[in-house]
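In what follows, a single structure is set out as structure tokens and then discussed.
Because only heavy atoms are used, hydrogens play no part in the values below, and waters and symmetry mates are left out as well, while side chains stay in. Sequence positions, counted from 1, serve as the residue numbers for this chain.
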Amino acid sequence: MSMIAAFYGGKSILITGATGFLGKVLIEKLCRTSPDLKVIYILVRPKAGHTLQQRVSQIINTKLFEKVREVCPNLHEKIRAISADLNQNDFAISKEDMQELLSCTNIIFHCAATVRFDDHLRHAVQLNVTATQQLLFMASQMPKLEAFIHISTAFSNCNLKHIDEVIYPCSVEPKKIIDSMEWWDDAIVDEIAPKLMGDWPNTYTYTKALGEMVVQQESGNLNIAIIRPSIVGATWQEPFPGWVDNLNGPNGMIVAAGRGFLRAIRASPLAVADLIPVDTVINLTLAVGWYTAVHRPKSTLIYHCTSGNLNPCNWGKMGCQVLSTFEKIPFEKAFRRPHADFTANTITVHYWNAVSHRAPAMIYDIYLWLTGRKPRMTKLMNRLLRTISMLEYFINRSWEWSTYNTEMLMSELSPEDQRIFNFDVRQLNWLEYIENYVLGVKKYLLKEDMAGIPEAKQHLRRLRNIYYLFNTVFFLIAWRLLIARSQIARNVWFFIVSFCYKFLSYFRASSTLKA
Ligand SMILES: CCCCCCCCCCCCCCCCCCCC(=O)SCCNC(=O)CCNC(=O)[C@H](O)C(C)(C)COP(=O)(O)OP(=O)(O)OC[C@H]1O[C@@H](n2cnc3c(N)ncnc32)[C@H](O)[C@@H]1OP(=O)(O)O
Ligand SMILES: NC(=O)C1=CN([C@@H]2O[C@H](COP(=O)(O)OP(=O)(O)OC[C@H]3O[C@@H](n4cnc5c(N)ncnc54)[C@H](OP(=O)(O)O)[C@@H]3O)[C@@H](O)[C@H]2O)C=CC1
């Protein structure tokens, strides 16, 4: 019998960020392994045109929940959506709902966050810091609460190279920042943001670091743990390999590379690609929830959910495997044939951006314009290059994360729990994982049918022929213009022609002699 699965039986669990990437996998695994849990409260913000129930149905009627619908036919009843906006005071939760949450909740998983790198500091502070503070305040009023699990990121201290499972202080106290946000106007926030952020590369990582400080400072008597995943990727094993549903992190890059938009990137091929499958993160999260509630460690434990020090893979290896998977299972409607150049050289990057990215986009836009359609490729390319410029920080550096607590927890689990809640990333076969990842992007994110593969291959062959034809025509025109304008080019041309002529004459003469 799994101790972890049994622990969640009969429990009332509160999840924030349940409609997000990690949240969905968390609900799925919880309901599949502990179908006898009492209820999962999910804080969902209302979205225009969708009732809360519609938002829940949209999630649990997807393929991700196929298996769990069999194990837990009354899934709808287990999930209770509560209207809440984490940007509002008291999360804009009704009095009755708040009463129920305060009196019933046993475990909290706090996943909600803004993960955008370019969010305005005010908004990032509101969601990643102030909302965490408010949730902790709510937690402190819950008599039945056994554990509060906060999901942070391994990059909350990305300004350091070696990161231990401890909280590193930021120079300005989060409480001061929260207070100041109330009276600073946007112009002041914009001016002060770079000074506050120091060597953090974006508002996301900075506010996640502040969020951790808040957790430490406001923990009171609560049983708290923090989980720090690195770059979260598609599922490795459960409920099936390759599931992914958004364009964040590597996903958007895989789409852009597979469709032939992205053909070169500023990346260090030898830098560690610290990816971690989403099901691994969720298995660790559930194990941490159990351990924190049952063993009640004296201090807040931090768990690194990373792959680099246990089973490293680098960006070069990952890029090659992504590319070789495209050969077997290409994406449909490619703009150009997939290709990948990794370079750390700035001049080469500018060259590739001009030749491989912007120029083809402009040529295609001219073609669209000539055929009476609206040019759109240059705009798309600019957006892609902007996105890449934000990710570059993470693909040109390596970090070392210690994983003592995570390894300690692994050794605390029974063999059955180690199997059911497996977070041992040493067992991951990268080549197989990446192939399934690319396949998952095609099937679950782009919703492409596998039956379309022959047509996609045919399309790539056409693109290759267009490429050869274009290059030949381009070369001939360039050469013709050069000959017309330059004596040196003419001399080179006559030299090549006479050399070829002499070479051919020699062969003809020698073959006549042999005969
Ligand atoms: C050369 C060949 C390469 C071969 C491939 C090999 C793979 C290498 C992969 C390398 C990737 C490295 C990734 C490192 C990531 C480190 C992450 C740190 C981990 C974390 O803790 S946080 C989680 C990660 N968070 C994110 O990734 C968020 C990043 N996103 C943003 O900050 C914003 O979305 C962004 C990028 C600033 C864009 O903002 P904006 O321009 O305002 O656009 P929108 O978000 O409103 O979206 C508009 C439109 O664009 C689509 N979109 C969004 N993101 C992408 C994307 N990455 N790729 C493609 N398209 C994207 C979005 O869906 C919207 O489409 P519409 O049709 O709705 O308009
Ligand atoms: N994905 C990754 O690579 C990594 C993620 N993490 C961490 O994991 C956690 C989950 O990330 P992920 O699932 O990828 O993020 P997503 O962007 O997929 O999900 C974010 C969730 O937060 C919710 N949310 C955002 N704003 C509000 C609000 N005002 N009120 C209520 N809910 C809100 C979203 O709801 P809605 O559906 O309404 O938008 C959504 O459910 C985050 O804490 C993140 O920092 C850490 C490392 C890497």
Rounded to the nearest 0.5 Å, what separates atom [atom1] in [X] from atom [atom2] in [Y]?
| X | Y | atom1 | atom2 | value |
| --- | --- | --- | --- | --- |
| Leu127 | Arg116 | CG | CZ | 12.5 Å |
| Ile282 | Leu22 | CD1 | CG | 4.5 Å |
| Leu43 | Leu101 | CG | CG | 6.5 Å |

[X] side chain near [Y] side chain, heavy-atom distance below 4.5 Å:
| X | Y | answer |
| --- | --- | --- |
| Pro174 | Ile177 | no |
| Leu30 | Leu37 | yes |
| Leu135 | Thr16 | yes |
| Phe421 | Glu238 | no |
| Phe423 | Cys305 | no |
| Lys67 | Arg32 | yes |
| Thr387 | Met253 | yes |
| Met410 | Asp424 | yes |

* Structure fact -> Checking Phe65, Trp236, Phe21 against Trp243 for ring-ring contact (aromatic ring centres under 6.0 Å, His included), the one that qualifies is Phe21
* To do: Report yes or no: is the cationic atom of Arg397 (NZ for Lys, CZ for Arg) closer than 6.0 Å to the six-membered ring centre of Tyr393, at no more than 45° off its axis?
  => yes
* To do: Measure from NZ or CZ of Lys333 to the centre of the six-membered ring of Phe335, then state whether that distance is under 6.0 Å and the direction lies within 45° of the axis.
  => no
* Asked: Does CG in Asn74 sit with more than 12 non-hydrogen atoms of other residues, nucleotides or ligands closer than 6.0 Å?
  -> yes
* Check the surroundings of atom OH in Tyr168: do more than 12 heavy atoms from other residues, nucleotides or ligands lie under 6.0 Å from it? => yes
Are [X] and [Y] close enough that a side-chain donor and a side-chain acceptor fall under 3.5 Å?
| X | Y | value |
| --- | --- | --- |
| Thr280 | Asn283 | no |
| Thr306 | Asp274 | no |
| Asn128 | Thr114 | no |
| Tyr404 | Asp164 | no |
| Thr203 | Asp119 | no |

* To do: Return the orientation label for the Tyr291 and His295 ring planes: parallel under 30°, perpendicular over 60°, tilted otherwise.
  => parallel
* Would you call the rings of His150 and His110 parallel, tilted or perpendicular, where under 30° means parallel and over 60° means perpendicular? -> tilted
* Hey, do the aromatic rings of Phe117 and Phe394 have their centres closer than 6.0 Å? -> yes
* Asked: Would you say the ring centroid of Trp401 lies under 6.0 angstrom from that of His162?
  -> no
Answer yes or no: is there an ion pair linking [X] with [Y], defined by an N-O contact shorter than 4.0 Å?
| X | Y | value |
| --- | --- | --- |
| Glu66 | Lys63 | yes |
| Glu100 | Arg80 | yes |
| Arg386 | Asp118 | yes |
| Arg228 | Glu165 | no |
| Glu327 | Lys457 | no |
| Lys29 | Asp279 | no |

* To do: Take Ser156 and Glu212 through the side-chain hydrogen bond (donor to acceptor under 3.5 Å, both in side chains) test and state the conclusion after the steps.
  => CA-CA 8 Å; Ser156 55; Glu212 288 185 3; 2.9 Å; yes
[X] side chain to [Y] backbone, donor-acceptor under 3.5 Å:
| X | Y | result |
| --- | --- | --- |
| Asn429 | Glu432 | yes |
| Tyr8 | Leu286 | yes |
| Lys175 | Val214 | no |

* When you look at Glu146 and Arg296, which way does the salt bridge (charged side-chain N to carboxylate O under 4.0 Å, His left out) test go after all the steps? -> CA-CA 9 Å; Glu146 296 169 48; Arg296 300 180 166 258; 5.9 Å; no
* To do: Decide yes or no on ring-ring contact (aromatic ring centres under 6.0 Å, His included) for Phe155 and Trp399, but give the supporting numbers first.
  => CA-CA 9 Å; Phe155 295 99; Trp399 287 266; 5.2 Å; yes
* Could you go step by step and tell me if Arg259 and Glu448 meet the salt bridge (charged side-chain N to carboxylate O under 4.0 Å, His left out) rule? -> CA-CA 12 Å; Arg259 292 247 161 108; Glu448 292 184 5; 2.7 Å; yes
